[in-house]
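Down below is the structure, laid out as structure tokens.
Below, chain A is the first sequence line, B the second, and so on; all start at residue 1. Just so you know, these numbers come straight off a predicted model, no measurement behind them.
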Amino acid sequence: MLLCRPNFLFFWISKQRLNFHFFSTLPNPRLPPPFSSLPPTPGITQIKQAHARILVLGLANDGRITSHLLAFLAISSSSLPSDYALSIYNSISHPTVFATNNMIRCFVKGDLPRHSISLYSHMCRSFVAAPNKHTLTFVLQACSNAFAIREGAQVQTHVIKLGFVKDVFVRNALIHLYCTCCRVESAKQVFDEVPSSRDVVSWNSMIVGFVRLGQISVAQKLFVEMPEKDVISWGTIISGCVQNGELEKALDYFKELGEQKLRPNEAILVSLLAAAAQLGTLEYGKRIHSIANSLRFPMTASLGTALVDMYAKCGCIDESRFLFDRMPEKDKWSWNVMICGLATHGLGQEALALFEKFLTQGFHPVNVTFIGVLTACSRAGLVSEGKHFFKLMTDTYGIEPEMEHYGCMVDLLSRAGFVYDAVEMINRMPAPPDPVLWASVLGSCQVHGFIELGEEIGNKLIQMDPTHNGHYVQLARIFARLRKWEDVSKVRRLMAERNSNKIAGWSLIEAEGRVHRFVAGDKEHERTTEIYKMLEIMGVRIAAAGYSANVSSVLHDIEEEEKENAIKEHSERLAIAFGLLVTKDGDCIRIIKNLRVCGDCHEVSKIISLVFEREIIVRDGSRFHHFKKGICSCQDYW
DNA sequence: GTAGGGTTAG
């Protein structure tokens, strides 16, 4: 090798790319056959080795060789700082188009798209050689990443002038640019102009554009129309459905993918896990997990994190933690997801302990991390800790508090009964507060009996956001507590007039491979008779355990006995009754709710967990309740 | 003469 002449080294470097002995001679036992056959890209070690050799051999002045080094940097799997690439580029006395193109690429890769654009414009002004089709695709990529729509449109004029309008790569880069910048009409124009210069990537990019705009039906139409689909097309439409809340539709597409005997990729599994997490469908999530195992997907940070999140959101915090502790690679998002998961399960101390570990591992907390940390404090009632972390976030880490952080703090203070401190915090906020913050104080006013303040806030909220039904309900609850039934009906009338009826509460339970959804007083289910019989049995057994109904959460001005009936048939009671019917003795019952658990159902669930010896896990809008042996993980703090 | 595009949650 020492005797090699420039051309030979040139060949040697090129060969490195085709056959990396580092990858091929060290088989990774974790990687199954389909993955080890993926073409490897050069890593940092190879590039630095090659660079060192170039320097040792005194070939640093050979522009052709150093240009290739740049090309390797641009496609390298590991990210090297752009200034390393730039120093190589600057060492080339007469950079060619090839070298400059690769430098533009390196800047894109190094997340410095503005530098790419500057280099391109410098190239246009002073270069002897004109940009070629590669230059145009790379700089258009940079424009997309920088959301530089004006510069991108200018590049489009160069595309025409230089005669690359029919190049499919250039066209696709343009489509991608316009879609990223939400200019889907412009993208569609490029797409429609030269139908012969279209391929599967053009279609995929157009689908992404419509997904971003939330026009999921148009995206689906394109998906159906496209002449051929690849795995990315499927991934795009599936993730598009998940992003737009069409969760069941996403699952349907996955089924179709399986029927076509196509192998899903990691992105698809990650999207489906997100869908299962949002729906709270544990059985479905588990199925995706076993598919990932049977297809021998390596446990990457993103797949692992999606699994940790899915298990946490489906109520299995232990399984979630188990997987997290055994993930072979974790990134900061894995930690964030785990911290937030523990927090929503009311495991405040564990969440905070993990946060400490996160810091000692050298990770830098981000705004989401503090949402988890502050939620942990709020759920566990740790007021002074919450104040400490809020200060840590702003003073030590310089993170500007966002609405969510204020939300956690207001929640923390008001839940703990410091309602006036919470009001003060809202009043001191730099930005106008989200009505949700006031709603959170209002909720605490009701719980802690700050009736006058509650009335004031309730009226304010109704003025701020007259279409939000929740505010009317809260205010009505306060009046109900005072037994001011006339005011209760006044508020309810107002709510009806403004056409903002209370969102129907529902509870969902997954059983026998299906999702069963109940609303209060539901009689639609095919096993209604058995369910109502079970409700009666539940009533008898919990009464024997000393329970009497707390009816203050029922708003209507009705007779006591009727009130008791109304809460007896709340959707979660029906779901629990059904759960008791269809699951085995000792099995855990998992329920997903869209609204908050009412005080009475919370009490009943505790007693049922004791007398029926069942663990019951309820996920409501923002937290988990683990009922076990007569107590709840939220410590009645919600 | 060398190279290039699209999907991923939290």
Side-chain angles (χ1 to χ4, degrees), chain A residues 10-11 13-14 17 63-65 67-75 96-106 108 132-141 144 164 167-177 179-180 187 191 197-209 211-212 219 223 226 229-243 250 264-278 288 300-310 312-313 320 324 330-341 344 366-369 371-372:
Chain A
F10 191 109
F11 171 75
I13 298 176
S14 300
R17 207 211 141 191
R64 285 178 305 170
I65 288 175
S67 310
H68 271 273
L69 206 57
L70 272 181
F72 287 134
L73 276 172
I75 60 158
T96 57
V97 191
F98 180 70
T100 312
N101 288 352
N102 280 302
M103 191 59 232
I104 291 176
R105 254 182 114 188
C106 284
V108 177
N132 63 15
K133 55 184 182 173
H134 299 283
T135 327
L136 294 167
T137 41
F138 297 146
V139 75
L140 284 170
Q141 240 179 69
S144 308
F164 291 112
D167 186 274
V168 68
F169 282 89
V170 174
R171 294 196 80 78
N172 286 345
L174 276 169
I175 294 173
H176 178 62
L177 166 76
C179 287
T180 323
F191 181 79
S197 294
R198 274 198 312 224
D199 65 3
V200 66
V201 176
S202 333
W203 286 88
N204 291 346
S205 302
M206 277 317 303
I207 293 175
V208 174
V211 163
R212 289 232 171 93
F223 181 76
M226 63 193 294
K229 304 171 177 60
D230 63 6
V231 72
I232 304 257
S233 324
W234 288 93
T236 308
I237 200 70
I238 288 173
S239 77
C241 287
V242 176
Q243 283 167 42
N265 60 15
E266 189 190 88
I268 292 178
L269 297 187
V270 169
S271 296
L272 291 167
L273 286 168
Q278 279 182 53
I288 307 295
T300 58
S302 42
L303 182 59
T305 306
L307 281 166
V308 167
D309 191 45
M310 182 279 290
K313 290 214 167 86
S320 171
F324 174 81
K330 302 185 185 86
D331 60 16
K332 69 173 178 201
W333 289 110
S334 324
W335 289 80
N336 283 329
V337 162
M338 193 71 251
I339 292 169
C340 292
T344 49
V366 291
N367 50 8
V368 183
T369 323
I371 292 176

Ignoring the backbone of T137(A), work out which of dG4(B), dG10(B), dA9(B) is nearest its side chain. dG4(B)
To the nearest angstrom, how far is N132(A) atom CG from dG4(B) atom C1'? 10 Å
Rounded distance (nearest 0.5 Å) linking atom OG1 of T137(A) with atom NE2 of H176(A): 12.0 Å
Give T305(A) one of three labels, base, sugar-phosphate or nothing, depending on what nucleic acid heavy atoms sit under 4.0 Å from its own. base
Have a look at A274(A) and say if it touches a base, only the backbone sugar-phosphate, or nothing, with a 4.0 Å heavy-atom cut-off. sugar-phosphate
How long is the span from the CH2 atom in W234(A) to the CG atom in N265(A), to the nearest 0.5 Å? 12.5 Å
Please state whether the phosphate of dT7(B), meaning OP1 or OP2, lies under 4.0 angstrom from any side-chain nitrogen or oxygen of R212(A). yes
Could you say whether the aromatic ring of W234(A) and the base of dT7(B) stack, counting only centre distances under 5.5 Å and plane angles under 30°? no
Tell me if the side-chain of N102(A) makes a donor-acceptor pair with the base of dG4(B), cut-off 3.5 Å, by modelled atom types. no
Mind checking if H134(A) touches a base, just sugar-phosphate, or nothing, with heavy atoms under 4.0 Å? base
Which part of the nucleic acid, if any, lies within reach of S205(A) when heavy atoms closer than 4.0 Å are counted: base, sugar-phosphate only, or nothing? sugar-phosphate
Can you identify which nucleotide, out of dT7(B), dT8(B), dG4(B), has its nearest atom closest to the N265(A) side chain? dT7(B)
Starting the side chain at C-beta, find the nucleotide from dA3(B), dT8(B), dT7(B) nearest to V270(A). dT8(B)
Below 6.0 angstrom between ring centroids: does that apply to W203(A) and F223(A)? no
May I ask you to verify whether the side chain of N101(A) and the base of dA3(B) hold a donor-acceptor pair under 3.5 Å? yes
Let me know the distance between CD1 of I75(A) and C1' of dA3(B), rounded to the nearest Å. 9 Å
Taking any heavy-atom pair under 4.0 Å as a contact, classify R105(A): base, sugar-phosphate, or nothing. sugar-phosphate
Ranking dT7(B), dA3(B), dA9(B) by distance to the side chain of F98(A), first place goes to dA3(B)
Separation of dA3(B) P from H68(A) NE2 (nearest whole Å): 8 Å
For Q243(A) and dT7(B), is the shortest distance between a side-chain N/O and OP1 or OP2 below 4.0 Å? no
Between dT8(B) (P) and I288(A) (CD1): distance, integer Å: 17 Å
Centres of the H134(A) and F98(A) rings: under 6.0 Å? no
Between dG10(B), dT8(B), dG4(B), which one does the side chain of E266(A) approach most closely? dT8(B)
I238(A) side, atom CD1; I268(A) side, atom CD1 - distance, nearest 0.5 Å: 4.5 Å
Taking CD1 from I65(A) and C1' from dT2(B), how many angstroms apart are they, rounded to a whole number? 13 Å
F324(A) CZ to dG10(B) C1', straight-line distance once rounded to whole Å: 13 Å
Starting at CD1 of I371(A) and ending at P of dA9(B), how long is that distance when rounded to a whole Å? 17 Å
Please check this pair: side chain of N101(A) against backbone of I104(A), looking for a donor-acceptor N/O pair closer than 3.5 Å. no
Rounded to the nearest angstrom, tell me the gap between atom CG in L73(A) and atom C1' in dA3(B). 14 Å
